[in-house]
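Single-structure report; data block below.
What you see is a predicted model, and the numbers here were worked out from it, not measured in a lab. We're numbering straight along the sequence, starting at 1.
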Amino acid sequence: MTGYTKAVLALGSNLGERNDTLSGAVADLVDPPEVRLLAVSPVVQTKPVGGPPGQADFLNMVMTVETTLSPEALLAHCHAVENKHLRVREVHWGPRTLDVDIITYGDVTSDDPDLTLPHPRAAERAFVLYPWSLIEPAATLGGEPVSVLAARAADIADIVPFDGFGDYDGVPTAGTVE
């Protein structure tokens, strides 16, 4: 299969119908023929890392794709999908309907401030590493297994499996007992 490069994408949402947004984003990301889905991780719920205080919890997931798009074209595609899902960029690391990050793009390394590869903070973020390890147990980042990096990450204790409840802005919408 020449011409295709494997990429790892991390998706997160903490505003609105988070799970629906993630599902729709996966479909939108693999909609063009230049992007093929390889795997999708389970969804996990996490506390916000960085950014302003008082944010709702995030739903996070990782997907692997293969693509004929260049890294820059893939980034533009990811931004277009974020925009389709009403992403607003007002506050750095603030609440958002959708965040899509390129974690790796093949073996490409880049220090470009617009697209640093591999993602500069991925090796410290369990909300990326743990879901990634579930779909690729042998995956490595910077020469270390992603599962080992996940276990070492400061936010590993805040990760919980997403049960499908609490799907609007992190507030339970179903399955609650009053």
Side-chain angles (χ1 to χ4, degrees), residues 1-14 17-46 49 58-87 89 96-153 155-156 159 161-162 164:
M1 224 183 319
T2 58
Y4 279 89
T5 301
K6 180 178 168 189
V8 177
L9 307 178
L11 289 72
S13 174
N14 77 334
E17 298 287 346
R18 303 169 302 160
N19 198 42
D20 289 347
T21 297
L22 292 179
S23 296
V26 169
D28 292 336
L29 286 164
V30 299
D31 184 49
E34 298 86 3
V35 183
R36 296 179 183 170
L37 180 64
L38 295 175
V40 177
S41 78
V43 175
V44 295
Q45 186 158 299
T46 64
V49 174
F58 274 84
L59 292 186
N60 290 99
M61 62 180 296
V62 170
M63 62 189 287
T64 54
V65 299
E66 57 185 11
T67 182
T68 57
L69 297 175
S70 69
E72 297 77 15
L74 181 60
L75 179 64
H77 176 53
C78 291
H79 286 168
V81 170
E82 287 177 339
N83 292 340
K84 180 179 179 181
H85 291 275
L86 308 178
R87 165 75 188 261
R89 297 174 190 278
R96 46 209 176 266
T97 56
L98 181 62
D99 186 35
V100 181
D101 289 329
I102 301 172
I103 305 304
T104 63
Y105 180 93
D107 293 328
V108 173
T109 58
S110 168
D111 290 329
D112 184 321
D114 292 329
L115 181 56
T116 305
L117 292 168
H119 190 286
R121 291 169 299 283
E124 307 161 0
R125 294 182 168 169
F127 67 83
V128 171
L129 300 162
Y130 176 70
W132 183 8
S133 74
L134 296 177
I135 56 173
E136 287 194 319
T140 60
L141 183 61
E144 289 197 69
V146 294
S147 58
V148 171
L149 292 169
R152 238 184 1 233
D155 62 322
I156 189 67
I159 292 181
F162 179 61

Test item: Thr104 side-chain N/O and Pro118 main-chain N/O as donor-acceptor pair under 3.5 Å: no

From CD1 (Ile135) to OG1 (Thr64), nearest 0.5 Å: 4.5 Å

Check: Val62 main-chain N/O paired with Ser41 side-chain donor or acceptor under 3.5 Å: yes

His119 and Arg125, any side-chain heavy atoms less than 4.5 Å apart: yes

From Tyr105 atom OH to Thr67 atom OG1, the distance as rounded to the nearest 0.5 Å: 6.0 Å

Atom CG of Asp112: over 12 foreign heavy atoms under 6.0 Å: yes

Any donor-acceptor N/O pair, Thr46 side chain to Ile159 backbone, under 3.5 Å: no

Residue of the set Val146, Val8, Ile103, Leu141 for which side-chain contact (heavy atoms from CB on, under 4.5 Å) holds with Val128: Ile103

Leu29/Val65 under side chain to side chain contact (heavy atoms under 4.5 Å, CB included): CA gap, chis, key distance, verdict: CA-CA 9 Å; Leu29 286 164; Val65 299; 5.9 Å; no

Test item: Asp99 side-chain N/O and Leu11 main-chain N/O as donor-acceptor pair under 3.5 Å: no

Donor-acceptor contact present, side-chain Ser13 to main-chain Thr97, <3.5 Å: yes

For the student: nearest non-hydrogen atoms of Leu117 and Pro71, plus distance: CD1-CB, 4.1 Å

By side chain to side chain contact (heavy atoms under 4.5 Å, CB included) - contacts of Asp155 (at least two apart): Val49, Ala126, Phe127, Ala153

Inter-residue atom distance Leu98.CG - Asn83.CG, 0.5 Å rounding: 9.5 Å

Atom pair NE2/CG of His77 and Leu69 - distance to nearest 0.5 Å: 7.0 Å

CD1-CG distance between Ile102 and Leu74, expressed to the nearest 0.5 angstrom: 4.0 Å

Distance-minimising heavy-atom pair for Ala123 and Leu129: O-CD1, 3.4 Å

Salt bridge present between Arg152 and Glu144 (N-O < 4.0 angstrom): yes

Which atom of Gln45 lies closest to which atom of Phe162, heavy atoms considered: OE1-CD1, 3.5 Å

From Thr21 atom OG1 to Lys84 atom NZ, the distance as rounded to the nearest 0.5 Å: 11.5 Å

Which atom of Phe58 lies closest to which atom of Gly12, heavy atoms considered: CD2-C, 4.1 Å

Candidate pair Leu59 and Asn14, rule side chain to side chain contact (heavy atoms under 4.5 Å, CB included), full reasoning: CA-CA 6 Å; Leu59 292 186; Asn14 77 334; over 6 Å; no

Taking every non-hydrogen atom, the tightest pair across Leu115 and Glu72: CD2-N, 4.1 Å

Test side chain to side chain contact (heavy atoms under 4.5 Å, CB included) applied to Leu22 and Arg18, step by step: CA-CA 6 Å; Leu22 292 179; Arg18 303 169 302 160; 5.7 Å; no

Distance-minimising heavy-atom pair for Cys78 and Val100: SG-CG1, 3.6 Å

